[in-house]
Amino acid sequence: MAFDWEDHKSYMTVKRQKLQDQLEDVEGDGKIFSGVTIYVNGYTKPDADTLKEIICKHGGGYSYALTSRVSHVIATNLPTAKIKALSINSSKVCHPDWILDSVNAGSLLPTEKYELYSVSSKSQRKISFSPTAKKEAGPEDPPTKKDRSFVDEFYSHSRLHHLSTWASELKEFTSKNLPRAKRKFSMLSSGESLRRFGVKGVVHLDLDSFFVSVGLRDRPGLHGQPVAVTHARNKEGEADTTEVVGVSLHQSMSDVASCSYEARDFGIRNGMSVGEAINLCPSLTFIPYEFEKYHAVSQTLYETVITYSHLVEPVSCDEVFIEFSDYVTSWEELGDIVKSLRSEIEEKTGCKVSAGFSHNLLLARLATRKAKPNGQFHLSEEEVEGYLKETPVASLPGIGRKMKEELSKMGVSNCGELREVSLPKLREVFGPKTGYTLYCFARGIDNRDLTTKKERKSISVEINYGMRFEQISEAESLLTQLSEELQSRALDTGVLGSSISLKLKIRQKTAPQETKKYLGHGRCDNISRSQQLHIPTNDSGDISRVAISLLKQLSPNPSDIRGMGIALNKLSSSVKGSPVKGGKMADIRTLMTSSPGKRSPASKRSLGSVLKSERGGEEGASVSVMREERVEYQNTAAGDGCTSFESAMLDLPPASQLDQSVLLALPSDLQEEVFDSYSKRQDKERVTLEPVSTEPSLANPLFPPSLSSLSNGNPERFLNETRTHIKAWVALYPAGPKERDSTIFIQFLISLIDLNALEIVSLSLKCFHRVVQSITNEKWREAYARVVAVIQDEVLMRYNGHLSIPP
DNA sequence: ATCCTCCCCTAC
DNA sequence: TAAGGTAGGGGAGGAT
């Protein structure tokens with residue numbers, strides 16, 4: 001599974017040596033690349049300069065920009081075959097080995113085997129159907145085109161991703177361990193504690209310039225110097241750096257993630273580009289990220305903090321609130337505890353901590369400003385007024401760039417001035433809630449209680465970096481990867497979602513194709529769309545199917561996509577770490593017995609100018625029909641008691657007891673369908689390679705379903721079960737179906753439509769049709785016709801397409 | 001009024 | 001090169 005980079009390296013070394021020999025041999029007489037002009041995209045091995053040298057030496061051309069004279073784009077290891085930083089019309093995208101091998105061969109080799117995005121390279125991408133069937137990747141697999149996961153590669157380097165991950169982790173750690181942590185102090189009686197005055201004692205702890213502190217801890221030589229943490233690096237002070245960065249740091253767009261206080265004196269700020277920073281301070285030293293160390297430090301921070309109080313509110317990996325109301329009798333006493341807490345943390349982690357404390361969350365936080373660096377500060381009741389007066393509004397929590405700007409238009413820059421603005425005025429400008437908060441905060445009023453645990457409301461995955469697609473199928477493929485990532489997180493967190501939403505960043509019409517920051521997203525419009533599910537899920541197959549369907553609804557121009565994200569909302573809990581699959585039948589039962597959720601009609605939202613095409617207007621008619629239909633069956637679903645179809649579901653024998661005989665008893669054509677659908681399912685690669693619909697605004701109505709989430713991922717078993725229910729149902733009511741059963745069946749099919757499992761819907765209807773035919777009862781036929789009509793409408797509404805079902 | 005969806009903003 | 005994630009609060013505007 002793991003790619004052997006060592007081997008690859010030596011392979012490359014040999015190759016380069018050979019190449020060198022060739023170069024010496026040929027020296028000018030080679031015209032291997034005549035007529036070829038290359039453009040090198042991104043990082044390649046060998047690098048662009050080497051390739052340029054080679055290509056020119058052998059009669060080819062080299063271009064610094066992707067112009068029309070470029071015949072071949074050269075790229076290595078663009079993290080996945082889906083990501084392209086290129087918008088290419090006719091030129092081929094090839095691996096640099098094409099050049100090396102051609103030189104070695106002494107002639108221009110066909111590009112076929114070297115094209116990065118060819119069908120053959122894509123089909124290597126497998127979703128292992130059975131976990132036991134390990135990677136089929138043979139040893140002869142060309143090591144040069146390894147399809148490493150872009151998602152993993154990106155996340156492992158993303159500081160923001162780490163920040164978020166650690167924050168959630170620490171929130172979970174706190175809520176789990178806080179109640180049973182051993183405390184250093186015991187609580188005082190309510191008569192003695194600070195609380196007796198009705199006063200809270202809140203401490204806000206914050207590690208000083210977190211990343212830099214950790215870096216400096218192990219680099220004593222850099223203490224007292226301007227230092228910044230970034231991906232872009234020079235060789236200063238680092239044992240592990242051997243090369244000088246090719247591009248001057250002066251023009252690096254890499255972010256400064258964290259900088260020392262000495263660096264701040266030069267005007268350097270977190271989030272600045274390395275280029276800007278080095279202009280402000282040419283002697284600035286750059287040190288690399290050390291994510292593991294940061295992680296360990298924050299873990300220690302939290303382990304320590306929870307031994308001090310039972311009231312701890314996590315903020316982030318380097319920031320936390322602690323309430324001491326029940327442990328101290330005076331502010332002086334609290335000051336002492338804070339001091340020892342700070343020194344304990346510094347001792348354990350080697351990092352300096354600052355602390356602000358006061359009688360509410362807001363003021364404690366504001367006090368920390370004055371405490372930094374490496375200090376502590378008590379903001380007392382009496383000082384609040386004066387302190388706030390001079391506090392810039394931007395340091396109030398919740399006021400960022402936009403709000404600061406908005407306030408400044410009103411002539412407000414500090415809290416003193418903010419107080420001059422009336423409550424009605426603030427509400428008018430910022431809305432009722434925000435206005436009120438602003439009004440309170442300007443006066444130091446904050447009645448929030450410290451929250452030790454908060455329930456998670458959503459879980460999401462998104463990447464807004466390095467997204468460059470040519471084909472929509474590449475975007476879909478990335479969504480599949482994101483879905484897998486999301487599944488794995490949902491599994492870890494133990495949640496299921498009943499709503500899936502897709503978020504896209506789309507290049508603004510007026511924004512340039514080439515972003516200022518390398519592979520950045522540039523100026524974008526954000527659009528999103530969500531889909532409610534009747535069955536909560538955490539299955540990546542379900543998620544990706546829905547996400548892809550949402551993508552089709554938004555139908556962006558693939559080359560304008562600059563970012564994508566998927567979120568799971570309306571969470572419920574599942575058993576942690578156990579895949580949904582086992583519990584899925586239970587979910588289906590829930591579905592079958594619960595009343596239908598409220599559903600929104602296919603609303604016509606303007607998706608703005610970013611959309612290539614809008615959907616046709618004639619769909620409006622079917623929407624209203626659909627709504628009437630919906631009302632009808634919602635009303636009839638009001639009765640209670642177990643009906644036959646329902647009970648058939650509930651009495652379902654364990655799947656393991658459904659034997660072959662059930663299947664074999666079916667008409668043979670149905671059996672075939674069952675198996676067909678199963679075998680189709682296995683050829684997932686083929687499916688993903690299907691040509692993209694020529695109508696980008698329409699989803700394919702027969703989009704292949706993944707059954708992995710149903711009946712333990714066993715589709716034929718699932719269909720068997722469905723068929724069994726239908727048979728039992730029909731047999732029980734020879735005179736005609738119970739209305740409610742029809743309703744339940746419809747709901748059930750609609751939930752499959754939610755998951756885009758249209759093929760299964762179709763097959764289920766076929767089952768129904770067949771059983772009904774054998775009964776030849778007018779009522780049943782009517783029921784069948786009605787079910788078909790409702791489902792057809794539903795599909796029509798969602799996809800503006802049609803479902804092929806039996807007459 | 002209240003809810004829902006989409007979107008923006010903020011924080012680390 | 002560079003790695004611009006993620007959760008939550010809240011507002012606008014439409015549907016109910």
Side-chain angles (χ1 to χ4, degrees), chain A residues 41-44 47-48 79 83 85 150-168 170-171 206-207 210-211 230-233 245-249 251-255 257-258 270-271 273-274 289 298 314-320 365 394 396-406 427 430-437 454-467 485 489 499 501-503 505 515-522 524-532 562-563 565 567 569-570 598-601 603-608 627:
Chain A
N41 176 267
Y43 229 16
T44 53
D47 62 22
I83 310 306
F150 169 68
V151 173
D152 289 348
E153 182 70 10
F154 173 75
Y155 280 136
S156 70
H157 290 95
S158 163
R159 70 181 192 284
L160 292 171
H161 164 71
H162 282 107
L163 246 34
S164 294
T165 313
W166 296 331
S168 331
L170 292 164
K171 273 166 197 166
D206 197 336
L207 292 173
F210 185 32
F211 290 1
T230 173
H231 279 301
R233 302 258 316 293
V245 173
V247 183
S248 157
L249 285 176
Q251 53 217 55
S252 167
M253 287 299 292
S254 180
D255 274 6
S258 173
N270 292 351
S273 75
V274 165
Y289 288 94
S298 52
V315 179
S316 70
C317 60
D318 68 340
E319 201 180 325
V320 62
R365 178 168 232 150
L396 292 176
I399 300 192
R401 206 170 51 88
K402 295 282 183 184
M403 279 232 254
K404 181 190 168 170
E405 213 169 282
E406 197 64 32
R427 297 237 237 210
F430 298 102
K433 208 134 177 178
T434 312
Y436 181 67
T437 311
K454 258 189 250 162
E455 206 167 337
R456 180 191 272 277
K457 292 183 177 145
S458 70
I459 184 163
S460 64
V461 176
E462 91 186 70
I463 298 183
N464 300 308
Y465 178 83
M467 298 268 151
E485 176 66 23
R489 293 189 203 176
S499 167
S501 70
L502 175 73
K503 210 168 91 173
K505 265 196 181 327
T515 52
K516 205 162 147 209
K517 188 191 187 84
Y518 178 69
L519 289 182
H521 56 58
C524 284
D525 291 317
N526 302 303
I527 53 176
S528 71
R529 189 115 158 169
S530 55
Q531 167 75 54
Q532 304 305 119
R562 290 288 179 275
N569 292 298
K570 307 221 167 90
K598 277 189 231 155
R599 307 189 35 75
S600 64
S603 53
K604 298 249 65 214
R605 275 174 283 268
S606 164
L607 296 172
R627 244 186 266 149

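Below, chain A is the first sequence line, B the second, and so on; all start at residue 1. What you see below is based on every heavy atom in this structure, not just the backbone, and it leaves out hydrogens, waters and symmetry mates.
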- Item | Distance below 4.0 Å between A:S458 side-chain N/O and C:dG8 OP1 or OP2 | yes
- Message: Applying a 4.0 Å non-hydrogen cut-off, can you work out what A:K171 is touching in the nucleic acid: base, sugar-phosphate, or nothing?
- Response: nothing
- Just call it for A:N526: base, sugar-phosphate, or nothing, with non-hydrogen atoms closer than 4.0 Å on any strand. sugar-phosphate
- Message: Please classify the nucleic acid contact of A:L502 as base, sugar-phosphate, or nothing, using heavy-atom distances under 4.0 Å.
- Response: nothing
- Task: Scan A:R365 against the nucleic acid and name what it touches under 4.0 Å (heavy atoms): base, sugar-phosphate only, or nothing.
- Result: sugar-phosphate
- Looking at A:R365 and A:E319, does any basic side-chain N land under 4.0 Å from a carboxylate oxygen? yes
- Query: If the P atom of C:dA3 is compared with that of B:dT10, how far apart are they to the nearest Å?
  - Reply: 22 Å
- Query: Should A:K517 be listed as having a side-chain N or O under 4.0 Å from OP1 or OP2 of C:dA3?
  - Reply: yes
- Of the listed nucleotides C:dG10, C:dG8, C:dG4, the one nearest the side chain of A:L160: C:dG4
- Task: With sequence neighbours left out, write down each residue that passes side-chain contact (heavy atoms from CB on, under 4.5 Å) with A:K171, or none if nothing qualifies.
- Result: A:P314
- Could you work out which one of C:dG9, B:dT5, B:dC12 sits closest to the side chain of A:Q532? B:dT5
- Task: Side chain of A:S530 only, please: which of C:dA2, B:dT5, C:dG9 is the nearest?
- Result: B:dT5
- Message: Using a heavy-atom cut-off of 4.0 Å across all strands, would you classify A:E405 as base, sugar-phosphate, or nothing?
- Response: nothing
- Counting only side-chain N and O atoms of A:S158, is one of them less than 4.0 Å from OP1 or OP2 of C:dG5? no
- Task: Quick one: do A:Q531 and A:L502 satisfy side chain to side chain contact (heavy atoms under 4.5 Å, CB included)? Show the steps, please.
- Result: CA-CA 9 Å; A:Q531 167 75 54; A:L502 175 73; over 6 Å; no
- Item | Side chain of A:S252 (C-beta onward), nearest among C:dA2, B:dT5, C:dG4 | C:dA2
- Under 4.0 angstrom between A:K503 side-chain N/O and C:dG5 OP1 or OP2: no
- Message: Base, sugar-phosphate or nothing for A:G520? Non-hydrogen atoms, less than 4.0 Å.
- Response: base
- Message: Can you see if the side chain of A:S460 gets near the phosphate of C:dA7 - specifically, an N or O under 4.0 Å from OP1 or OP2?
- Response: yes
- Message: By nearest atom, which of the nucleotides C:dG10, C:dG5, B:dT10 is closest to the A:M403 side chain?
- Response: B:dT10
- Closest nucleotide among C:dG11, B:dT10, B:dT5 to the A:P432 side chain: C:dG11
- Task: Check every strand shown and say whether A:E462 touches a base, only sugar-phosphate, or nothing at a heavy-atom separation below 4.0 Å.
- Result: base
- Nucleotide nearest A:H157 (side chain, heavy atoms from C-beta), chosen from C:dA2, C:dA3, C:dA7: C:dA3
- Give a yes or no on this: more than 12 heavy atoms of other residues, nucleotides or ligands lie within 6.0 Å of atom NZ of A:K404. no
- Query: Among A:L160, A:T165, A:V461, which one satisfies side chain to side chain contact (heavy atoms under 4.5 Å, CB included) with A:Y155?
  - Reply: A:V461
- Nearest-nucleotide check on DNA chain C, A:G522 vs A:R456; residue mapping nearer the 5' end is A:G522
- May I ask you to say what A:G271 touches in the nucleic acid, namely base, sugar-phosphate or nothing, with a heavy-atom cut-off under 4.0 Å? nothing
- Looking at every strand, decide which applies to A:F210 at a 4.0 Å heavy-atom threshold: base, sugar-phosphate, or nothing. nothing
- Message: Check this one for me: any side-chain N or O of A:K570 less than 4.0 Å away from OP1 or OP2 of B:dT5?
- Response: yes
- Message: According to side-chain contact (heavy atoms from CB on, under 4.5 Å), who are the partners of A:D318, at least two apart in sequence or on a separate chain?
- Response: A:D206, A:L207, A:F210, A:S316
- Task: Assign each of A:S164 and A:G431 to its nearest nucleotide of DNA chain C by heavy atoms, then name whichever residue's nucleotide is nearer the 5' end.
- Result: A:S164
- With a non-hydrogen cut-off below 4.0 angstrom, is A:H231 in contact with a base, only sugar-phosphate, or nothing? base
- Query: Phosphate oxygens OP1/OP2 of C:dT6: is one of them under 4.0 Å from a side-chain N or O of A:R489?
  - Reply: yes
- Task: Just call it for A:R427: base, sugar-phosphate, or nothing, with non-hydrogen atoms closer than 4.0 Å on any strand.
- Result: nothing
- Task: Please check the phosphate of C:dT6 (OP1 and OP2 only) for any side-chain N or O of A:H161 closer than 4.0 Å.
- Result: yes
- Under 4.0 Å: is that the gap between some side-chain N or O of A:Y155 and OP1 or OP2 of C:dT6? yes
- Task: Could you label the plane-to-plane angle of the A:Y465 and A:F154 rings as parallel, tilted or perpendicular, counting under 30° as parallel and over 60° as perpendicular?
- Result: parallel
- Which of the following nucleotides, B:dC12, C:dG10, C:dA7, is nearest to the side chain of A:T434? C:dG10
